[in-house]
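Note that the structure is predicted; figures quoted are calculated from it, not measured. The analysis underlying the following values was restricted to heavy atoms, covering all of them including side chains, and did not include hydrogens, waters or symmetry mates.
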Amino acid sequence: MSLCTCSLLLWGAGAPCNFARPQETAKAKVSKLRLAGLRTLPQDQILLESGLKPGDLAGREDLQAAADRLARLGIFSKITFEYRTQADGITVNFQVEEAPRVPVFFDNVPWFTDAELTEAIRKTIPFYEGTAPEGGSVLDRIAEAVRRFLESHQLRVAVEHELIANPLGDGTVQEFRISGASLRIARIDFSDPLAASSRALQVYISELLGKPYSRLTIELFLSEQVKPVYLQKGYVRVKLGPPEIRLTENPARPLPEMLPVYVPVAPGAVYHWQGAQWSGNSSLTTAQLNDSFALKSGEVANGQAIEAAFERVREEYGRRGYLEAQVDPQPSYE
């Protein structure tokens, strides 16, 4: 029985491995393939990506090529493999560590929902589930799957991807967007009268009209301009969007260049402030912390004022030298 182990520390796509060359150069039949270390990815589908399958004749270079193919995907931060030669062929074992994956965001593909795009991608990348690595060949494959799906609907556009900071939260996202289509915002309508009647929001909306259609731009508008309107009035659990394109014309016809955007709004209940309970506050007393809040019990829970109060608490800890102090609000709704 012979044993060979090769470790890949992935600094680039398909980095070569250095190990002693066995004297035998002949190929042997692959009797078994195994893959260990997966946390979220399906083993059978990932093994297909290696290009090897039981029954293949493979030598050292073929096993190295299989490891390189897995490395180029970008979904692994480390790959180790070993093979054992036995009477019925060779057993190949891959040991992997999954690389971090980030959410995928389709910015300006208004013809289809995320669910429809995900279904189209999974036809060629079965292990796709809405996230992608920060780099690697799988990103180009996602873009190509979307391009072919759009082309099958007589939409001939290019699809690009870019890793960007998440403008709506922490971390990063893989943004996929199309080029080659001139789509612009015609209007923005809301399902709820509070947003629809707000004069301040109409001013912001006027600045978006005629601009290139972008879900990211609209989502930022909802987060930075629309949500505060509801938070100030106690709708602290308001749900905005996702934005939709609603047309009254024949849906089989191509989209017009000017798109009407519809935003469903579920405001929820109006909440009132009851108070705050504190734990872990050894440097500031509960009374000092409560002084940061201008709200009185029974008042409408102004979400903007509440967040500003927590920010004042963070600043107070900072002035006392606790620069890394964390304030973790955990709201309780009754």
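Expressed to the nearest 0.5 Å, how far NZ of K27 lies from CG of L63 amounts to 10.0 Å. With rounding to the nearest 0.5 Å, the separation of OH in Y271 from CD1 in I306 is 12.0 Å. Expressed to the nearest 0.5 Å, how far CG of L38 lies from CD of Q95 amounts to 9.0 Å. Annotation: the span from R34 atom CZ to L47 atom CG amounts to 11.0 Å, rounded to 0.5 Å. The distance from the CD1 atom of I164 to the CG atom of D107 is 7.5 Å, given to the nearest 0.5 Å. Considering CG of L155 and CZ of F149, their distance stands at 9.0 Å, rounded to 0.5 Å.
Following chains of ILVMFWY side-chain contacts shorter than 4.5 Å, one cannot reach Y262 starting from V226, and the two form parts of different hydrophobic clusters. Linking Ile, Leu, Val, Met, Phe, Trp and Tyr whenever their side-chain heavy atoms come within less than 4.5 Å leaves L52 and L57 in two separate clusters. When hydrophobic clusters are built by joining Ile, Leu, Val, Met, Phe, Trp and Tyr residues whose side-chain heavy atoms come closer than 4.5 Å, directly or via intermediates, V104 is not grouped with L216. If you chain together hydrophobic residues whose side chains sit under 4.5 Å apart, V173 and Y128 never meet in one group.
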Practice task
Mind running side chain to side chain contact (heavy atoms under 4.5 Å, CB included) on F176 and F105 for me, showing each step along the way?
Solution key: CA-CA 6 Å; F176 286 79; F105 186 86; over 6 Å; no
Exercise for the section: List the steps, then state whether side chain to side chain contact (heavy atoms under 4.5 Å, CB included) holds for V236 with Y333. Expected result: CA-CA 10 Å; V236 293; Y333 302 99; 3.7 Å; yes
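Side chain of N108 to backbone of I178: a donor-acceptor contact under 3.5 angstrom is found. Under a 3.5 Å cut-off, the side chain of S206 and the backbone N or O of V203 do form a donor-acceptor pair. Using modelled atom types, one side-chain atom of E116 and one backbone atom of T113 make a donor-acceptor pair closer than 3.5 Å. Of the possible donor and acceptor atoms, one in the side chain of Q174 sits under 3.5 Å from a partner among the backbone N and O of E134. A donor-acceptor pair is defined here as one N or O able to donate and one able to accept, closer than 3.5 Å; no such pair exists between the side chain of D56 and the backbone of A58. Formation of a donor-acceptor pair under 3.5 Å by the T85 side chain with backbone atoms of I90 is not found in this model. Side-chain atoms of E98 come within 3.5 Å of backbone N or O of R39 as a donor-acceptor pair. Without hydrogens or angle criteria, Q225 side chain to L222 main chain gives no donor-acceptor distance under 3.5 Å. At distances below 3.5 Å, not a single donor-acceptor pair connects side-chain atoms of E257 with backbone N or O atoms of L183. For the pair E175 (side chain) and L163 (backbone), a donor-acceptor distance under 3.5 Å is absent.
Taking the side-chain contact (heavy atoms from CB on, under 4.5 Å) definition, one finds that N290 meets it with A276, W278, T286, sequence neighbours left out. Taking the salt bridge (charged side-chain N to carboxylate O under 4.0 Å, His left out) definition, one finds that D140 meets it with nothing, sequence neighbours left out.
At most 12 non-hydrogen atoms from other residues, nucleotides or ligands lie less than 6.0 angstrom from CZ of R148. A 6.0 Å sphere centred on CD of E144 holds more than 12 heavy atoms belonging to other residues, nucleotides or ligands.
Side-chain N/O atoms of Y322 and S283 include a donor and acceptor closer than 3.5 Å. Side chains of Q330 and S332: no donor on one and acceptor on the other come within 3.5 Å. For the residue pair R101 / T40, a side-chain donor-acceptor distance below 3.5 Å is found, with atom types taken as modelled.
Relative ring orientation between F81 and Y83 is described as parallel, the plane-to-plane angle staying below 30° on a 0-90° scale split at 30° and 60°. Ring geometry for Y235 against Y230 counts as perpendicular: the plane angle is over 60°, on a 0 to 90° scale with 30° as the lower cut. Between F293 and F310, the ring-plane angle classifies as perpendicular under the 30° and 60° cut-offs.
By the 4.0 Å N-to-carboxylate-O rule, R312 lies too far from E315 to be salt-bridged with it. Salt bridge absent: E119 and K123 never bring a charged side-chain N and a carboxylate O closer than 4.0 Å. By the 4.0 Å N-to-carboxylate-O rule, R84 lies close enough to E82 to be salt-bridged with it. A salt bridge links R187 with D189: the distance from a Lys NZ or Arg NE/NH1/NH2 to an Asp or Glu carboxylate oxygen falls below 4.0 Å. A salt bridge links R319 with E316; the closest basic N to acidic carboxylate O contact falls under 4.0 Å.
The two residues F106 and V146 make their nearest non-hydrogen contact at CE2-CG2, 4.0 Å. A pairwise comparison of heavy atoms in A145 and I121 identifies CB-CA, 4.0 Å as the closest pair. Nearest heavy-atom pair, A132 versus L139, reported as atom, atom and distance to 0.1 Å: CB-CD2, 3.7 Å. Pairing each heavy atom of A71 with each of I79, the nearest pair is N-CD1, 3.6 Å. Closest non-hydrogen pair, V313 versus S292, comes out as CG2-OG, 3.6 Å.
Among residue pairs with one or both ends in residues 202-228, those qualifying as salt bridge (Lys or Arg N to Asp or Glu O under 4.0 Å) are D114-R215; sequence neighbours excluded.
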